[in-house]
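Read through the structure below, which is laid out as structure tokens, and then see the notes.
Letters A, B, ... are given to chains in the order of the sequence lines, protein chains preceding strands, and every chain is numbered from 1.
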Amino acid sequence: MAHTGKHFANAAAVDGADELPFDLPPRGATATGAASPADDDEPPFDLPAAPRSAQPPRQQQPEPGRTPSQQANAPGDGGKRLSLSARALQGSASPRAEQTPYLQGLNPEQREAVEHLDGPVLVLAGAGTGKTRVLTTRIAHILATGRAYPSQVLAVTFTNKAAREMKERIGSLVGGAVEGMPWLGTFHSIGVKILRRHAELVGLKSSFTILDPDDQLRLMKQVIEAARLDKDRWPARQLAGVIDGWKNRGLTPDKVPAGEAYNFAAGKGVELYAAYQQRLKELNACDFGDLLLENLRLFMEHPDVLADYQRRFRYLLVDEYQDTNVAQYLWLRLLAKGSPNVCCVGDDDQSIYGWRGAEVDNILRFDKDFPGAHVIRLERNYRSTGHILGAASGLIASNRDRLGKTLFTDGEDGNKVAVSAVWDDEEEARSIGDDIERMHKNGQKLNEVAILVRASFQMRAFEDRFISMGLPYRVIGGPRFYERQEIKDAIAYLEVTANPTNDLKFERIVNVPKRGLGDTSVKRVHELARARGIPMYQAAKMIVETEELGGKARKALSDLIRSFDRWRSRLGHIKHTELAELILDESGYTAMWQADKSPQAQTRLENLKELVRFMHEFETLEGFLEHITLVMDTEQAGDGDRVSVMTLHAAKGLEFDNVYLPGWEEGLFPHQRALDETGQSGLEEERRLAYVGITRAKRLAKISFAQNRRTRGLYQSALPSRFVDELPEDHVEIIETKKPFSGAYQNFGGTFGRSSYGQSRFDDVQTQPFEGHYGTPGWQRAQQHTRDQSSASSSSSAKRKWSPSDQRRKRGPLMIEGELIASSSDSSSYRRGERVLHQKFGLGTVTDVDGNKLTIEFDSGERKRVVDTFVDRASG
DNA sequence: GTTCGCTCACTTTTT
DNA sequence: GTGAGCGAAC
């Protein structure tokens, strides 16, 4: 297995690091002469431990828009906390309990994780055990006890979202120390920060640009072509994957193990890697992997720089440690040489990114890497009911490679995890949709309902169904805003305006919209640029002075260059948002989409407007561009009360009252490719994914599997997932299928031959004839539950007038749908003939209005009945 | 240089 | 069933 190889590489690299003279003088020894790395903005970091006034004490004002009661975990009022922490910051050495109100309400393990500040600590934090709270409180504690300045704490996360959340929570605990924590961020953002300071030491200028995956691929293609390789046989995508893999493991081209060079293009892989890196340097650019890899190189080759950072960071904290890859691990280890106070928080059972280079071993091995490590297990779960935890724990127990933890709760057992068989993916969507609708009528908030799928193609069935029944939903983790074509194009225009040396962005838009500059012209510019060692933009400027290009292309290119020069001259003279609008208009980019009659064109124009709106949050164009590659995760569009649909991967870290887990079928989940490609470890990762899924649920978890599924246009029968069988019986309830209509059921009993892994206790469920329907015990329990729920929920009056059980018994869901629509809203404000925009179907004209239900004739020719909340008035 | 039509693949994707 | 990417024809 590839695993051993990885270990080997890993260990070798670590040993290499050990050979370097990284050992530091004892803490407190003065750094002699070492120039401190360009940090005028921060206090010196070689002061004695207790800063006298790390920062000006804050006035007792809660942050705007944030009331103390919203700060869920902290008891007491905000004002008191603020004044106490201000006092603490003024230098009390060992705080007594009443001075550390933020410690109140922690359970003993959490408290230990917060207070055990000296030496390495591994916090194994199971799902829902208060991981973030421990992390943030620990930082607050370090700051409040005066152990370190905010600038001496390194705290890394994986996502911007997690970093933001931590900043907010620490801010509310300590009272606004947030700006004072320059080293709280993602691995990548901190990597960039360090790299910009010392860029010249690794052959970059500090203004280097960061390639997005798109640029990366474009460059990769060029490298492959330059090596005269057949680009069909050796796709750039694959090369990108191989190189990313190496970078994840901290391998520069010279370190790639000889055996692996043959992974790509018959031994050319490493050569291409080196060539690619060379091109990056020429372009003064980094890809995401480099942000860490170049850090490593910097640290290895410049021990003095490393030593500065080692001295600086007195406390190191890492979130989601199970997701770190080798490069991140090495980075951390180098930095941690200066201080034993490393605290890693993670959960080996939630490691689901192995395929992207994450090394569960990092967490499994922690106590060997950091001798004397103190391991704390957080097992008290505050999220889920007993049955949900029981089911999840029972499932994950089948994994062998784990440190072992057992979640428990003092709360109620709640409902058992429901497992049901459905005929096919369509019925799955239908029955889940109906189920959600039923709960919704009983006052269930849709924001507390999630559907977690294994693969994104599963989402379509749900979207289709929800659209036709008018159930509001949002898809989380689809193509992100900044990944959309129009956004990337627009950013490319802005980037080239601000920074004409960005060749990849220049290439992206040189012929968008089409202006007659095809491959040949671009290639000419490219060649000249390479030959002279100048940016393409400059080369383009030269080439239009020559006869080299045809008249048409020459004029187009010269016009474009002149436009860019003009836009650049306005830079700083007009507001950057105005400039952006100007650029988009004058370049013909907006016009291009206006002329486009595809259903998405309107949405794209909206997105462009949204982009300009978003730019207002930045002072300058450069400021905006600086952030864009690394941190452009705008809030998901579509607020309001909606069901969330997302992949299991996207769900990590989230929680919902009700969680649906559809598609538990062999081949889909566990996914066949995971089994084929990584065997046992792949299976275990899939199982962890299942574990993550179940533990997202606070109150109800509902698993289903379809007996037939449409994949690749083919209808194929499927077997229930082995994970279904692995669920402990005590915590599971089998729900009989409850669909009287749809005659297709008659004959499926016989189709369930089971071969791949033996008998399933769910075989019985499938083979039972569907009799009794709504009279079965399962259904009645469900009904009973419904009633319990509705009498328990207090608010939301109008919706509860409708009594679900009686109606449902007599009528099919279609009628119920009618009821929902009539009761949930008044008549629509849309009128016949109005132009509307639907997020999925595009533009259309309203041909009929019935309550809040619209019949729309879409421009695509389709005619659909859609609930009005799903459309917007078309602008323009 | 652009467009059309064919072929291929189709798990997950924090930065 | 669908979209992306590429080659051949216009």
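No more than 12 heavy-atom neighbours from other residues, nucleotides or ligands sit within 6.0 angstrom of CG on A:Asp519.
Ring-centre distance between A:Tyr329 and A:Trp331: not below the 6.0 Å cut-off. The six-membered or imidazole ring of A:His649 lies near that of A:Trp355, with a centre-to-centre distance under 6.0 Å.
Considering only side-chain N and O atoms, A:Asn511 lies nowhere under 4.0 angstrom from the phosphate OP1 or OP2 of B:dG1. Note on A:Asn325: every side-chain N or O is 4.0 Å or more away from OP1 and OP2 of B:dT15.
The interatomic distance linking A:Lys193 (NZ) with B:dT15 (P) rounds to 18 Å, in whole Å. When the C1' atom of B:dG1 is taken as reference, atom NZ of A:Lys523 falls 14 Å away, rounded to whole Å. Protein atom CZ of A:Phe481 is 16 Å distant from nucleotide atom P of B:dT15, rounded to whole Å. The interatomic distance linking A:Arg709 (CZ) with C:dG1 (C1') rounds to 15 Å, in whole Å. Counting to the nearest Å, the P atom of B:dT15 and the CD atom of A:Glu320 are 12 Å from each other. Between the CD1 atom of A:Ile628 and the P atom of B:dT15 there is a distance of 13 Å, given to the nearest Å. One atom, CZ of A:Arg710, and another, P of C:dT2, lie 10 Å apart when rounded to the nearest Å. Rounded to whole Å, the distance from CD on A:Gln485 to C1' on C:dG5 is 14 Å.
Contact annotation for A:Thr157: no contact, since no heavy-atom pair falls under 4.0 Å across all strands. Within 4.0 Å of A:Asp212, counting heavy atoms only, lies no atom of the nucleic acid at all. Across all strands shown, A:Ser521 has heavy atoms under 4.0 Å from sugar-phosphate atoms exclusively, and none from any base.
Residues A:Gly516 and A:Gly289 both approach DNA chain B. Their nearest nucleotides, taken by heavy-atom distance, put A:Gly516 toward the 5′ side.
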Set out, line by line, the N/O atom pairs under 3.5 Å between protein and nucleotides 5-13 of chain B.
residue, atom, partner, partner atom, Å
B:dC10, OP2, A:Arg673, NH1, 3.1
B:dT11, OP1, A:Arg673, NH1, 2.4
B:dT11, O4', A:His671, NE2, 3.2
B:dT11, O2, A:Arg454, NH1, 3.0
B:dT11, O2, A:Arg454, NH2, 2.2
B:dT12, OP1, A:Ser456, N, 2.6
B:dT12, OP1, A:Ser456, OG, 2.3
B:dT12, O4', A:Arg454, NH1, 3.3
B:dT12, O2, A:Trp355, NE1, 3.2
B:dT12, O2, A:Arg454, NH2, 3.3
B:dT13, OP1, A:Thr647, OG1, 2.9
B:dT13, O4', A:Arg356, NH1, 3.3

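Inter-residue side-chain proximity for A:Leu211 and A:Leu280 is flagged as met; some heavy-atom pair is nearer than 4.5 Å. Side-chain atoms of A:Ile363 and A:Ser351, non-hydrogen and from C-beta on, never get closer than 4.5 Å to each other. Taking the side chain as every heavy atom from C-beta outward, A:Met181 and A:Met166 never approach each other to under 4.5 Å.
Of the possible polar contacts, one joining the A:Glu666 side chain to the A:Arg722 backbone as a donor-acceptor pair under 3.5 Å is found.
Looking at the side chain of A:Lys514, the nearest of the listed nucleotides B:dT15, B:dT2, C:dT2 is B:dT2.
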